[in-house]
Amino acid sequence: MRSIRRVVAVGLVGGAMALTAACGGGSGGSGSGGGNAAKADLGAGAAAGTASPGAAAASSAAPKVSQAVVNIEPKPGTVDVAPDALKVGATGGKLTTVKVSDKTGAEVPGTIAADGSSWTPSAGLAVGSTYQVSAMAADANGVVASADSNFSTLTPTALAKAADNVDNNATYGVGMIVSVNFSKDVKNKDVVAKGITFETDNGTVVKGHWFGNRRLDFRPEQYWKSGTKVTVHYRLKSVEIAPGVYGTDRDEPFTIGRSQISTVDAAAHRMTVELDGKPSDIDITSGSPEHPTWNGTMVVMSKEGVVRMQSSTLPGMSGSPYDLQVPHSMRLTDSGTYLHGNYWSKLIGEDNVSHGCVALKDVEGGGESTSMGKFYAGSLVGDVVVVKNSTKKETLDPANGLSGWNVPWSAW
């Protein structure tokens, strides 16, 4: 590790010389003439090599060398430096000043440790940039040492996409979970998670949870409060997502709308919808005993309108085959659970006859005035749908759709 030490000299001791001018007596004498003679004598004395006491003291004083040593990594002239590789430290003394600036002159914020032994930048440096570092440290006697360095950061070999499920300035339901999917396996999960932050206008705290090596979901502890304004800040340009692969920076604002939480009671064939706390009941049918609906908390992932549903796509399907154009379809899970309209069954509100979905009364092609038509029109992506009393024994995987509300906050 290379360090550069500067020596600061201690001050010089200076002597003072006093000049005395005497007035000449005698008639017709000139005062200015006497003064000139005295100056001439002083000049001759100085030319003869007469040394003052102050000059002698200065020549005998030795410059003091600081016991402090400033250490900077990377060394001057280093190239292809990782954004997190900058280190500034001091031994034999304490850092007093550290200045790091990029090629535009903008300073990099950072903090000197309480014991003065190191300096840490507030965030990683930018890739593809150059930096100048100047640092100073003082020893126990106050004598200062300094060091400088300059280097350039690496240029990424590739970029990894971080795609999420929110649109700029869109409005979502109170159960909205922001799900980020990376195009490559993530190497440094903690660092990547810290590079995605949530700014809220009411102080709502948001945390992330990893599902595998490519998916990171974010939510608050409880459902969002209606009206919350949120901005997601992606600061991944200088974060190594995979070996040699970095991300990008962007901001995504969105808003939380009114509160709608729907609770499906599979045994009663009813769904209670609480719209801003006001309940109403709707007849439904859910999964049959052969194909029961998942129990648990789900979130509307997308509103897809008319969706073609075929029995041939359902593993282990029993009963009569079907191929239907299903109206007002809203997806609840990746595995194919929907909340949708139903125009072919006469048992809605009386029995569970679906292949795992939750269905409301509708007409072919979808009607605006039907139960499902009205519910669909008033729904948002991010609305909460809770299913209870289904006969399904398996537990809903929290990674199946936006089902992370089934994970306790302590484990999130």
Side-chain angles (χ1 to χ4, degrees), residues 1-9 65-139 142-162 182-197 233-251:
M1 182 177 294
R2 176 178 176 183
S3 64
I4 304 174
R5 177 183 297 171
R6 289 182 182 169
V7 177
V8 177
V65 177
S66 178
Q67 298 303 305
V69 177
V70 178
N71 304 303
I72 300 176
E73 287 289 345
K75 298 176 182 179
T78 304
V79 297
D80 292 331
V81 173
D84 59 352
L86 175 59
K87 293 178 173 56
V88 181
T91 57
K94 296 182 178 182
L95 290 170
T96 57
T97 303
V98 177
K99 180 180 179 181
V100 181
S101 54
D102 64 16
K103 57 187 176 184
T104 69
E107 291 193 25
V108 175
T111 305
I112 295 176
D115 62 1
S117 64
S118 63
W119 175 89
T120 304
S122 299
L125 304 180
V127 294
S129 188
T130 58
Y131 290 90
Q132 178 71 40
V133 185
S134 298
M136 302 177 70
D139 64 15
V143 183
V144 175
S146 65
D148 302 293
S149 185
N150 59 82
F151 59 90
S152 60
T153 53
L154 58 81
T155 298
T157 58
L159 296 177
K161 293 182 180 179
F182 295 88
S183 60
K184 296 181 181 295
D185 287 351
V186 175
K187 173 187 175 183
N188 301 311
K189 290 183 177 179
D190 290 343
V191 177
V192 169
K194 290 178 181 178
I196 305 174
T197 59
H233 299 291
Y234 287 87
R235 296 296 179 266
L236 299 175
K237 181 180 179 181
S238 299
V239 174
E240 189 177 32
I241 293 174
V245 180
Y246 289 74
T248 58
D249 293 352
R250 69 180 188 274
D251 296 326

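Note that the numbering runs from 1 along the sequence shown for the chain.
One distance of note links CG of Leu236 with OH of Tyr246; it measures 12.0 Å at 0.5 Å rounding. For the atom pair CD1 of Ile112 and OG of Ser118, the computed distance is 9.0 Å after rounding to the nearest 0.5 Å. Atom NZ of residue Lys99 and atom CH2 of residue Trp119 lie 12.5 Å apart, to the nearest 0.5 angstrom. A distance of 9.5 Å separates CG of Leu86 from CD of Glu73, quoted to the nearest 0.5 Å. Separation of atoms NZ (Lys87) and OG1 (Thr120) is listed at 9.5 Å; rounding is to 0.5 Å. Atom OG1 of Thr197 sits about 8.0 Å away from atom CG of Asp251, to the nearest 0.5 Å.
Between Arg235 and Arg250 the shortest heavy-atom distance is NH1-O, 3.3 Å. Nearest heavy atoms, Ala82 versus Leu154: CA-CD2, 3.8 Å. Contact record, Ala90 with Gly116: CB-O, 4.1 Å, taken as the closest heavy-atom pair. Scanning all heavy atoms of the two residues, the minimum distance from Gln67 to Asp139 falls at N-OD2, 2.9 Å. For the pair Val127 and Lys237, the tightest heavy-atom approach, listed with the atom from each and the gap, is CG2-O, 3.7 Å. Of all the heavy atoms in Gly128 and Lys103, the pair that sits closest is O-NZ, 3.8 Å.
Under the 3.5 Å distance criterion, the side-chain polar atoms of Thr157 are matched with a main-chain donor or acceptor of Gly244. Of the possible donor and acceptor atoms, one in the side chain of Thr96 sits under 3.5 Å from a partner among the backbone N and O of Met136. A distance-only check finds no donor-acceptor pair linking the side chain of Ser101 to the backbone of Glu107 [under 3.5 Å]. The closest donor-acceptor contact from the side chain of Ser146 to the backbone of Ala135 lies at 3.5 Å or more, if one exists at all. At distances below 3.5 Å, at least one donor-acceptor pair connects side-chain atoms of Tyr131 with backbone N or O atoms of Ala126. With hydrogens and angles ignored, the 3.5 Å screen pairs a side-chain donor or acceptor of Thr78 with a backbone N or O of Lys75. For Asn188 (side chain) and Val191 (main-chain N/O), no donor-acceptor pair under 3.5 Å exists by modelled atom type. The backbone N or O of Pro76 sits nowhere less than 3.5 Å from a side-chain atom of Asn150 that would complete a donor-acceptor pair. Within the 3.5 Å criterion, the main-chain N or O of Val143 finds a donor-acceptor partner in the side chain of Ser66. Formation of a donor-acceptor pair under 3.5 Å by the Ser149 side chain with backbone atoms of Pro74 is found in this model.
Side-chain contact between Leu125 and Phe151: present, with at least one pair of heavy atoms (C-beta onward) separated by less than 4.5 Å. No side-chain heavy atom of Asp102 sits under 4.5 Å from any side-chain heavy atom of Thr130.
More than 12 heavy-atom neighbours from other residues, nucleotides or ligands sit within 6.0 angstrom of NZ on Lys189. For CG of Asp115, the number of neighbouring non-hydrogen atoms (other residues, nucleotides, ligands) closer than 6.0 Å is greater than 12.
Screening Val108, Asp148, Val88 against Val133 for a side chain to side chain contact (heavy atoms under 4.5 Å, CB included) leaves a single residue, Val88.
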